[in-house]
Amino acid sequence: MKRLILSLCTLMLASKGFAQTLEKMTWFNEPAKWEIKNNTLSMFVTAQSDYWRISHYGFTVDDAPFYYSTYGGEFEVKVKINGNYKARFDQMGLMLRTDKENYIKAGIEFVDGKYNLSTVVTHTTSDWSVITLEKIPPAVWIKAVRRLDAVEIFYSFDDKNYILMRNAHLQDNTPVMVGLMAACPDGTGFDAVFENFKVKHLPDERRLKWLENNK
């Protein structure tokens, strides 16, 4: 019985240790107005801000709000997003970033009056891919899974059925800043709400394979 109680206490402490606390995360380009309440981050997105490097447009910007924690190894991260999009290129979602030249941002981007599932992958220069939504969904969840040297990006409208929207390279064995990003390149700012942000540790695949082969 004592052994069982000890095991349960250890499990509870471990679960608490891996829990995400929004209040303990860090700002990069902190916006003027933001609030955390009931595991929800609300912000007014800084006007004329974005993340982009060089390609197509010829400029580099790195000045949009990003609220993050740093994680090593392999993990799954997801969040529910809702934005009061107004201007062209208003956007919000997840960002995974190793440094100013290497990052992935994915979520919703408002272009030509339509919602687009958007992913920007940057390795020295940026690229951009979109999936246009013909109807405005009541809610959108974005999920990223980092495994080895790749990140899979998924979206969902119900937090149950997830659809792959991008598979992209990201250097493995490198700590990653993981968190919530919003940008307003063209407009005067907008309200963005992030709910139920969660990061789940995934065991390293190489180590699992080694353990399996060396029992």
Side-chain angles (χ1 to χ4, degrees), residues 25-31 41 43 45-79 81 83 85 87-112 115-132 140-155 162-187 189-190 192 194 197 199 202:
M25 293 169 67
T26 302
W27 277 111
F28 180 62
N29 302 320
E30 180 179 353
L41 169 66
M43 73 167 87
V45 183
T46 306
Q48 305 290 300
S49 67
D50 200 5
Y51 290 98
W52 187 265
R53 283 190 61 83
I54 305 169
S55 58
H56 187 68
Y57 303 109
F59 57 75
T60 295
V61 284
D62 202 53
D63 57 4
F66 176 40
Y67 195 53
Y68 72 93
S69 289
T70 301
Y71 292 86
E74 302 180 9
F75 55 81
E76 174 186 302
V77 54
K78 69 177 181 177
V79 68
I81 59 176
Y85 314 106
R88 182 179 60 163
F89 304 137
D90 280 359
Q91 60 192 263
M92 64 181 296
L94 292 172
M95 186 154 80
L96 284 67
R97 175 184 172 108
T98 58
D99 56 47
K100 66 181 181 180
E101 295 186 347
N102 296 277
Y103 57 82
I104 298 169
K105 60 175 182 175
I108 290 291
E109 187 160 356
F110 189 65
V111 184
D112 297 330
Y115 283 46
N116 294 267
L117 294 157
S118 169
T119 308
V120 169
V121 177
T122 299
H123 299 304
T124 306
T125 59
S126 297
D127 71 35
W128 182 34
S129 59
V130 296
I131 303 170
T132 300
V140 178
W141 284 259
I142 302 295
K143 180 170 73 174
V145 180
R146 184 197 193 192
R147 282 290 195 185
L148 302 177
D149 64 350
V151 174
E152 292 181 310
I153 308 294
F154 301 84
Y155 70 92
Y162 280 86
I163 300 170
L164 180 68
M165 56 190 280
R166 186 72 184 266
N167 185 320
H169 170 75
L170 189 68
Q171 183 179 352
D172 64 350
N173 296 317
T174 302
V176 182
M177 293 172 275
V178 182
L180 311 171
M181 178 283 311
C184 180
D186 238 19
F190 69 98
F194 301 84
F197 174 69
V199 182
L202 301 176

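What's counted below: heavy atoms across the whole structure, side chains too, no hydrogens, waters or symmetry copies. The residues of the chain are indexed from 1 along the displayed sequence.
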Fill in: More than 12 heavy atoms of other groups within 6.0 Å of Asp112 CG
no

Response to the item:
To the nearest 0.5 Å, atom CE of Met95 lies from atom OH of Tyr103 at 7.0 Å

Practice prompt. Measure across Pro175 and Thr98 and return the closest heavy-atom pair with its distance rounded to 0.1 Å.
Written response: O-CG2, 3.7 Å

Item to complete: Report the relative orientation of the aromatic rings in Trp52 and Tyr57; use parallel for angles under 30°, tilted for 30 to 60°, perpendicular for over 60°.
Response: perpendicular

Worksheet item: Which class fits the ring pair Trp128 and Phe89: parallel under 30°, tilted 30 to 60°, perpendicular over 60°?
Response: perpendicular

Worksheet item: CD1/Ile163 to NZ/Lys143 distance, rounded to the nearest 0.5 angstrom?
Response: 11.5 Å

Fill in: Under 3.5 Å donor-acceptor, Gln48 side chain and Gly187 backbone
yes

Worksheet item: Pro65 and Met43: which non-hydrogen atoms are nearest, and at how many Å?
Response: CB-SD, 3.8 Å

Practice prompt. Taking the side chain as every heavy atom from C-beta outward, state whether Met92 and Val45 have any pair of such atoms under 4.5 Å apart.
Written response: no

Discussion item. Side chain to side chain contact (heavy atoms under 4.5 Å, CB included) for Ser129 and Arg166? Distances and angles first, verdict last.
Written reply: CA-CA 8 Å; Ser129 59; Arg166 186 72 184 266; 3.0 Å; yes

Worksheet entry | 4.5 Å side-chain heavy-atom contact, Met181 and Arg97 | no

Worksheet item: Using 30° and 60° as the class limits, which term best fits the ring planes of Phe75 and Tyr71: parallel, tilted or perpendicular?
Response: tilted

Worksheet item: With a distance cut-off below 6.0 Å to the six-membered ring centre and an angular limit of 45° from the axis, does Lys105 pair with Tyr51 as a cation-pi contact?
Response: no

Worksheet item: How long is the span from the CG atom in Asp186 to the CZ atom in Phe110, to the nearest 0.5 Å?
Response: 12.0 Å

Fill in: Minimum heavy-atom distance between Ala106 and Thr119, given as atom pair plus value
CB-OG1, 4.0 Å

Practice prompt. Report the C-alpha distance between Asn102 and Gln171 in whole Å, list the side-chain angles of each, state the deciding distance to 0.1 Å, and finish with yes or no for side chain to side chain contact (heavy atoms under 4.5 Å, CB included).
Written response: CA-CA 9 Å; Asn102 296 277; Gln171 183 179 352; over 6 Å; no

Practice prompt. Find the distance between CZ (Phe197) and CG (Leu180) and round it off to the nearest 0.5 Å.
Written response: 5.0 Å

Item to complete: Look only at the side chain of Ser55 and the backbone of Ser126, and say whether a donor-acceptor pair between them is shorter than 3.5 Å.
Response: yes

Discussion item. Tell me every residue that passes side chain to side chain donor-acceptor pair (under 3.5 Å) with Lys78, counting only those two or more places apart in sequence or in another chain.
Written reply: Asp159

Worksheet item: Are Glu101 and Arg53 ion-paired here, with the side-chain N under 4.0 Å from a carboxylate O?
Response: yes

Item to complete: For residues Arg146 and Gly73, report the shortest heavy-atom separation together with the two atoms involved.
Response: NH1-O, 2.9 Å

Fill in: Gap between atom CZ of Phe66 and atom OG1 of Thr26 - 0.5 Å precision
10.0 Å

Item to complete: Go through Leu170 and Asp149 one step at a time and tell me if the side chain to side chain contact (heavy atoms under 4.5 Å, CB included) criterion holds.
Response: CA-CA 5 Å; Leu170 189 68; Asp149 64 350; over 6 Å; no

Worksheet item: Given the rule in the side chain to side chain contact (heavy atoms under 4.5 Å, CB included) test, do Asn29 and Thr46 qualify, once you have shown the distances and angles that lead to the verdict?
Response: CA-CA 9 Å; Asn29 302 320; Thr46 306; over 6 Å; no

Worksheet item: Do the side chain of Asp63 and the main chain of Ser49 share a donor and acceptor less than 3.5 angstrom apart?
Response: no

Worksheet item: Got Leu117 and Ile108 here, is their nearest side-chain heavy-atom distance under 4.5 Å?
Response: yes

Worksheet item: Within the distance-only criterion (no hydrogens, no angle test), does the side chain of Lys100 pair as donor or acceptor with the backbone N or O of Asp62 below 3.5 angstrom?
Response: no

Worksheet entry | Student check: side-chain heavy atoms of Leu164 and Phe154 closer than 4.5 Å | yes

Item to complete: Might you point out which heavy atoms bring Gly107 and Ile81 nearest each other, and give the distance in Å?
Response: CA-CD1, 4.2 Å

Worksheet item: If every non-hydrogen atom of Gly83 is compared with every non-hydrogen atom of Tyr115, which pair is closest and at what distance?
Response: O-OH, 4.1 Å

Worksheet item: Measuring from Asp90:CG to Phe190:CZ, what's the distance to the nearest 0.5 Å?
Response: 4.5 Å

